[in-house]
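First listed ligand is number 1; within each ligand, the first listed atom is number 1.
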Amino acid sequence: MGCQIRLLMLFGTLISFASVVLSKQGTSVYYARPYLPSACYGNRNQGIMIAGANPTLYNGGKVCGRRYKVRCLGGTNKTPHPCKSGEITVKVVDLCPGCGANEINLSQDAFSRIANLKAGRVRIDYIQYANLKFLVH
Ligand SMILES: *[C@@H]1O[C@H](CO)[C@@H](O)[C@H](O)[C@H]1NC(C)=O
């Protein structure tokens, strides 16, 4: 096997290892429109791929504007087929006071891309988008 190919494989392994280490597992719920106003941006529209952060993650607003990649890992109840494949990127625009530790409140538009709305609450993993970009570039 060529040296360049080996290096590429090593690099790929390191990237996936790093994203596994840096990503966090938690749960997600969702909220319906209208999405305004938000705790971070008031009535300024930030689109529909948005989320509310639990109080710890929100950290007094420091998390506002950060982007997270989110994947569905499984259900938290008996609803069949809780997850859809793929991942989404959402921007944190809000505080979710009722969210538990590592819980994220996704917009309904975001949640429905990765999960079955009927499932209500699903297990997720999430990673700050900038981390991933930093690792890849
Ligand atoms: C999710 O956000 C909506 C809108 O801000 C809120 O009404 C709802 O209570 C939140 N969910 C939880 C679990 O706190």
Backbone N/O of G65 and side chain of Y41: donor-acceptor pair under 3.5 Å: yes
Identity and distance of the protein heavy atom lying nearest atom 12 (C) of ligand 1: C96 SG, 3.5 Å
Sub-4.5 Å side-chain heavy-atom contact between C96 and N54: no
Smallest separation among heavy atoms of H81 and N116, with atom names: O-CB, 3.4 Å
Y68 and Y126 aromatic ring geometry - parallel, tilted or perpendicular at 30°/60° bounds: perpendicular
Shortest heavy-atom approach to atom 6 (C) of ligand 1 - which of N105, L106, D94: N105
Protein non-hydrogen atom below 4.0 angstrom of atom 14 (O) of ligand 1 present: yes
